[in-house]
Amino acid sequence: PSFVSPHLTGSNPSYLGFPPKLTPPTYIYLPWQLSRGGDLMMDAAAEVPQTICPEKRPHADVDGEAGQHSLAAVDPVSKVLGDNNLLAEILLRAGFPTTLVRAALVCRCWYHLASNRGFLRRFRELHPPLLLGFYIGSILIRPELVAFLCFVPMLPQPPELNTVVRRMANHNFDDPKNLWIMDSRNGSIFTQRREGRELAYGVHRRELAYGLHRPLCPERGINVVPALPRAQDYNRQYFDAILSKEEGNGLSYFYVLTELTNQTENFTLRVYMLQGSVWCLHTSATAQLHLPLPKAKVVLVDNKIYMVVSPADDIIVLDLTTSSLSRIQHPPGVKYDIFHTFLSRADDPSGVYVIHVNGFKLCIWLHKGDNWLLVDTICLHEMCANLRMLDNTLEDAHSGYCYVCHAGDNAEFVVLQMCGCIFYLDVKNRTLRKLVAKDQYFTDVYPFMMVWPPTFPKLKDGPARIAM
């Protein structure tokens, strides 16, 4: 509620038993009700003043003197706001990290409660990071080959996130042309850009530049990333991938490189880790594989890298801790195809999801232990038919195709290309919505989630606090 009921604060004389003039109703507005659409991250340079907590604020009657009647009138409020257990239950219902940061500005006791690690774990369980939208990569063939990015928001979004979505839509990466996304996780985007460099006599040379962008915090600028390691013989390099995982208060980045050795069908897998401004070799292993595809499916789950590199091979598992390789057979009836199969990380470090489309039948499998479990089966024909009744621009699903472009963690959502468009499939709620019409060549789709954990402003006597 926006205020404490007048029946509890004394506007009803018969309830509290003292004159009306001494018992005006007390309205308590929560911080997130004072403004809408605030920024996700508060300025780290901002300071939280020493604010008196509600339960410690002196209360005066209409004559300016504190009295027993006035204290009695505010007592129900003090009992709530002065009880950390009850206050925690109230703050848990804030709903959004942006709201939680604003609530932390009320006073120091609210600040310490909102930024407590145990509290934040509960908050994330109740309010997982929201999907803000997708970065979709496209290329134009004519008049020249140009690659560019566009942000497609997930609509509708709560009013509290209007500012966040606008910031995402207005972020242009300085120049979105000839820019590719290699990884997107927790507010950070790892990009690759082709830059032209003019040599002598009008000869141009294309070079690759890498960087880390934070669209929600543009004031932090772009972090330049050193050039990626290369294979000893570039002609023998087959596929590579950037992977990331959350560790501590940030992200750790890994680079997977596959190189053909001198022996037939023997490949060396090298994994590098970004440490400061240097790519350091983390582990390597040799495996016998059929000729890999140029673009394999790779996912990092805890300390294991799962790879599907060829239709003729099993799922390869590289353990970063032991530098050992193992294999997992595909789910029953599933044959790997670069356009119809996708891997998704699971919360369980020992598990991985496989999303596979056969025609317009989508199956989701979970590997746990040594077994495959069929988690879900979805028929897309009926969904497409229902959408075509609302949108006559969609192509007939029966005469089209269906590709898997991307999948969220825990296979919570799947991005599909079919009926001439890009679609978002909410697996849990069985809803399908069109993201964008297919009027150009799509290359990649990357989701962008709400950043977690929130950054709280620093106290006057302490640094900014990033809770985990």
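Hydrogens, waters and symmetry mates play no part in the numbers below; they use all other heavy atoms, side chains included.
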I'd like to check the salt bridge (charged side-chain N to carboxylate O under 4.0 Å, His left out) partners of Asp348; sequence neighbours left out, ordered by chain and number.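 Here the qualifying residues are Lys368.
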
Partners passing salt bridge (charged side-chain N to carboxylate O under 4.0 Å, His left out) against Arg433 (at least two apart in sequence or in another chain):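 For Arg433 there are no salt bridge (charged side-chain N to carboxylate O under 4.0 Å, His left out) partners, ignoring immediate neighbours.
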
Considering residues at least two apart in sequence or located in another chain, which fulfil the side-chain contact (heavy atoms from CB on, under 4.5 Å) criterion with Ala209?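 Partners of Ala209 under the side-chain contact (heavy atoms from CB on, under 4.5 Å) test: Glu195.
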
With sequence neighbours left out, what residues match Pro331 under side-chain contact (heavy atoms from CB on, under 4.5 Å)?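 Testing Pro331 for side-chain contact (heavy atoms from CB on, under 4.5 Å), a comparison that skips the adjacent residues, returns Val334, Val354, Trp365, Trp372.
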
Any residue meeting side chain to side chain donor-acceptor pair (under 3.5 Å) with [X], in chain and number order, not counting sequence neighbours:
X: Ser252; result: Glu247
X: Asn85; result: none
X: Asp370; result: none
X: Thr283; result: Ser323

Taking the six-membered ring for Trp, are His171 and Phe151 ring centroids under 6.0 Å apart?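 Judged by ring-centre distance (under 6.0 Å), His171 and Phe151 do not meet the cut-off.
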
Could you tell me whether Phe413 and Tyr424 have their ring centroids closer than 6.0 angstrom?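 Yes, close enough.
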
Mind jotting down which residue pairs meet the salt bridge (Lys or Arg N to Asp or Glu O under 4.0 Å) criterion with at least one end in residues 315-336? Sequence neighbours excluded, please.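 Output for this query lists Asp313-Arg327.
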
Tell me, which pairs form a salt bridge (Lys or Arg N to Asp or Glu O under 4.0 Å) where one or both residues lie in residues 406-425, sequence neighbours left out?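 Output for this query lists Arg185-Asp409, Arg345-Asp409.
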
By ring pair (Phe, Tyr, Trp, His ring centres under 6.0 Å) - contacts of His127 (at least two apart):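 So His127 forms a ring pair (Phe, Tyr, Trp, His ring centres under 6.0 Å) with Phe123.
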
Angle between ring planes, His340 versus His356, binned at 30° and 60°: parallel, tilted or perpendicular?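 Judged by the thresholds at 30° and 60°, the geometry between His340 and His356 is perpendicular.
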
Which donor-acceptor pairs under 3.5 Å do the side chains of residues 300-309 make with protein atoms, sequence neighbours left out?
unit_1: Asn303; atom_1: OD1; unit_2: Lys245; atom_2: NZ; d: 2.5

